[in-house]
Amino acid sequence: MADKVFDVVIVGSGASGGTMAAWLARSGADVALVEGGPRINTRTDFNTHGMPFHFENRHIPVMKPGKQGFDSERSRGVGGKSLTWNAVAWRFSQRDFKGQTFEGAGEDWPLDYKDLEPYYNRIETEVGVCGNRDGLEDLPDGNSLPPVPMKCSDLIVRRGAAKLGVKVIHVRKSTLSRPVGSRPSCHFCGNCMAGCDVVAKYNSADVHIYPAMRTGKLTLFHDSVVREVSVNSENRATGVKFLNRLTQQEGEVRGRIVAVAAACVQSIALLLMSRSSRYPNGLANSSGMLGKAFIPHFTNGVQCFLTDLVGKPPSNDEGFLDHAYVPSFMHSRKRAYARSFGIQFNYQNRRSTGWTRMIPGIGADFKKAVADRYPAFLTFQPYGEMLPGKSHVDLDWNRKDAYGLPAARRNMIWGDNDWKLFRDMTAWSLRILDSAGAEILSVGEEPRTNHELGGARMGSDARTSVVDHTCRTHDVPNLYVCDGSVFPSASEKNPTHTIMALAARTADEIATRLRKGEV
C-alpha cells in the first residue's frame with residue numbers, strides 16, 4: 001500500500017470528507033480517506049441513552065468506558081463531528097451568497113444559489129431531511145420528509161412571537177421523521193449530540209463512508225493524524241504525511257489529487273503547518289489570506305422559564321431537541337447594522353439542569369422553586385452573522401499537542417457591526433420571550449462563537465482568496481480545500497447542509513477532471 005498512488009486523497013471524514021469520498025468512489029475514482037480518529041461503532045460506543053444520575057460527577061461522557069474517540073480536535077473518529085452534531089439543515093439563499101451585492105456588507109460568493117440547488121436536492125434525498133415547506137424567500141424549501149410536531153414550549157413561543165409579527169417554523173434536520181431504507185425514524189431519546197445509535201440522524205460514517213467502501217474504491221486510513229500536505233518541486237500536491245495516533249509512527253498516503261476537508265480550523269492549521277521554501281507562510285497562501293477573514297457564527301444564551309408551564313407535571317418533552325426555529329426576519333426591517341440572525345430554542349432538561357444553581361433560596365422553598373420550574377425551562381439562542389474583519393486563526397508554535405503539532409489559535413476581534421447585531425438579536429430574544437410570558441433567568445453579556453467558518457475563503461481573485469469557485473486552491477492546481485473554511489460569508493444559518501452540497505459539487509468537479517486527464 002505504501003507505494004500505491006490513489007486518484008484522490010481526502011483529509012477528514014466528517015460531513016464534507018465523507019460526502020466527497022462517497023461521491024468520488026461511486027464515480028469510479030480510487031479514493032483514500034485519512035482520518036485522525038479511530039473507527040467508532042455508533043450503535044455501541046456512545047452514551048446515547050446515558051443520564052446524569054448514571055455517573056458520579058453527573059456529567060455524561062461522550063464515549064463509553066474503554067471506547068476511543070472524541071478526545072481532541074485532531075483525533076475524533078471516523079465520521080467526524082457529524083457523529084455528534086445537532087443535524088439542523090438549512091439551505092442558504094441567494095441573499096446569503098451575495099451579501100455585498102444585496103447590502104454592501106461582507107463578501108459575495110463566486111457562485112449563486114442556482115449553482116448549489118441541484119446538490120442541495122441530491123444531498124437531501126441521500127441523507128433524509130425532515131421539515132416543512134414554508135415558502136420563505138430567504139430560506140429556500142427543499143426535498144423534505146414530514147416535519148416532527150412542535151412541542152408545548154414551541155407553541156407557547158410561537159404564540160408570543162406572532163404578536164410581534166415574527167414567524168416560528170418547524171425546524172429542518174437531517175434526522176428521519178419516518179423510516180427510509182434500513183434507517184428507522186427518530187425515537188426521540190433526546191440526546192442527539194451524543195451520537196445516534198440507530199442512525200436516524202445522519203452521520204457520514206454510516207450513511208456515506210461505509211456503504212462507499214463496499215464499492216472497493218474507497219480505502220480508509222483511520223488513527224492517522226495528518227501533519228503535512230506534501231508538494232513536489234513542480235508545485236503539485238503528492239499526498240499527505242501522518243502520525244499514527246496509537247504508535248506515533250510516521251506514514252504517508254500518496255495521491256494524484258489532495259482534498260483537505262478536516263473541519264474549518266483544523267484545515268487552516270494543516271495548511272499553515274505545511275510550510276516550505278515555496279510557501280514559507282503556509283501552503284497555498286500566496287495571497288496571505290490563509291487564516292484571515294475568520295467568520296464563525298456568534299450566539300447569545302438566554303435561559304428562561306415559560307410561565308405557562310411552571311408548576312405543571314414534569315414530562316419528557318425533549319424530542320430531538322429543537323423542533324422549531326425563528327428564521328431571519330430582519331432583512332426587510334429598518335436596522336442600524338448589516339445582515340441578520342436566526343434563533344434556535346429547545347427544551348433539554350433531563351440532561352441539562354445546571355440552571356438550578358442560579359435559583360435563589362434554601363431548604364423546602366428552594367426545592368419547590370426548582371420542582372415548579374423544571375417543566376418550564378427553555379434555552380433561547382440567537383445566531384448572528386459575523387462580517388469579515390480582523391478575526392483570524394494562526395498557530396502557536398510554542399504550544400504543542402500530544403502529536404508534537406502546534407496548537408491552532410482563534411483570535412476573535414469583534415467589529416462594530418457584530419456588536420450592533422449582537423445587542424439587537426439579544427433584545428429581540430427578550431422581546432419574543434416577554435411576549436410569550438417568560439420569566440428570564442439569565443442573559444449572556446458577550447458574544448460566543450459557534451459554527452466555525454472562513455479562513456481559507458473562496459473567491460475569483462487569487463490575490464484576495466485561497467480557493468476558486470470549485471474549491472481548488474489558486475496556488476496548487478491539484479489541491480482542494482472543502483469545508484467551512486472556504487465560506488466568504490457566513491449567513492446566520494447552520495452551515496453543514498451547505499458544506500455537504502459544496503463537497504458533492506467539488507467531487508463532481510474532481511471526477512470530471514480525472515475523466516479528462518486534467519490532473
Side-chain angles (χ1 to χ4, degrees), residues 16 92-116 119 229 231 234-237 257-261 264-265 267-272 274-276 278-296 338-339 385-394 411 413 415 417-418 452-491 495 498-499 501-503 505-506 508-510 512-513 518-519:
S16 177
F92 281 18
S93 69
Q94 182 68 358
R95 186 191 296 274
D96 296 320
F97 291 116
K98 302 294 180 182
Q100 179 61 227
T101 297
F102 275 83
E103 297 186 37
E107 293 288 331
D108 283 352
W109 292 55
L111 49 78
D112 295 285
Y113 173 74
K114 63 180 176 59
D115 296 315
L116 276 190
Y119 294 98
V229 177
V231 179
E234 298 175 349
N235 193 34
R236 310 285 296 185
I257 291 174
V258 175
V260 176
C264 177
V265 171
S267 290
I268 295 167
L270 174 57
L271 295 173
L272 288 171
S274 300
R275 300 184 298 182
S276 64
R278 185 190 293 268
Y279 297 108
N281 299 314
L283 182 57
N285 192 24
S286 66
S287 65
M289 288 301 298
L290 184 61
K292 303 298 194 333
F294 184 50
I295 48 171
R339 310 309 294 156
E385 176 178 348
M386 187 178 195
L387 294 183
K390 295 182 179 179
S391 294
H392 62 281
V393 175
D394 61 11
N411 304 277
I413 303 169
N417 194 82
D418 304 325
E452 293 179 332
L453 302 165
R457 76 179 177 194
M458 178 189 298
S460 301
D461 189 341
R463 297 169 297 179
T464 59
S465 59
V466 178
V467 302
D468 67 13
H469 69 287
T470 68
C471 293
R472 184 168 65 150
T473 61
H474 293 297
D475 291 352
V476 183
N478 67 333
L479 173 64
Y480 291 77
V481 182
C482 192
D483 50 45
S485 66
V486 305
F487 282 37
S489 59
S491 174
T498 299
I499 290 171
L502 275 177
R505 182 171 180 267
T506 301
D508 273 1
E509 167 71 15
I510 291 173
T512 298
R513 290 176 62 84
E518 298 174 353
V519 181

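Being a predicted model, the structure only gives us computed values, none of them experimental.
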| Partner set under side chain to side chain contact (heavy atoms under 4.5 Å, CB included) for Asn285, not counting sequence neighbours | Asn281, Ser287, Leu290

Could you grab the distance from atom [atom1] of [X] to atom [atom2] of [Y], nearest 0.5 Å is fine?
| X | Y | atom1 | atom2 | result |
| --- | --- | --- | --- | --- |
| Thr470 | Met458 | OG1 | CE | 8.0 Å |
| Asn417 | Arg339 | CG | CZ | 10.0 Å |
| Phe294 | Asn411 | CZ | CG | 9.0 Å |
| Phe487 | Ile499 | CZ | CD1 | 4.5 Å |
| Leu283 | Leu270 | CG | CG | 8.0 Å |
| His392 | Ile268 | NE2 | CD1 | 11.0 Å |

| field | Test salt bridge (charged side-chain N to carboxylate O under 4.0 Å, His left out) applied to Asp394 and Lys292, step by step | value | CA-CA 9 Å; Asp394 61 11; Lys292 303 298 194 333; over 6 Å; no

| query | Which of parallel (below 30°), tilted (30 to 60°) and perpendicular (above 60°) describes Phe92 and Trp109? | reply | perpendicular

| query | Step by step, would you call Glu509 with His469 a side chain to side chain contact (heavy atoms under 4.5 Å, CB included)? | reply | CA-CA 10 Å; Glu509 167 71 15; His469 69 287; over 6 Å; no

| query | Got Val466 and Arg457 here, is their nearest side-chain heavy-atom distance under 4.5 Å? | reply | no

| message | Would you say that Arg505 contacts Leu111 through its side chain, given a criterion of any heavy-atom pair below 4.5 Å between the two side chains? | response | yes

| said: For a quick test of reading the model, state the closest non-hydrogen atom pair linking Ser491 to Asp96 and the distance between them. | reply: OG-OD1, 3.1 Å

| Modelled atom types, side-chain donor and acceptor of Asp483 and Ser485, under 3.5 Å | yes

| Polar contact flag, side-chain donor to acceptor under 3.5 angstrom, His474-Ser286 | no

| request: Could you check Cys471 against Val481 for side chain to side chain contact (heavy atoms under 4.5 Å, CB included), going step by step and ending with a plain yes or no? | output: CA-CA 6 Å; Cys471 293; Val481 182; 5.9 Å; no

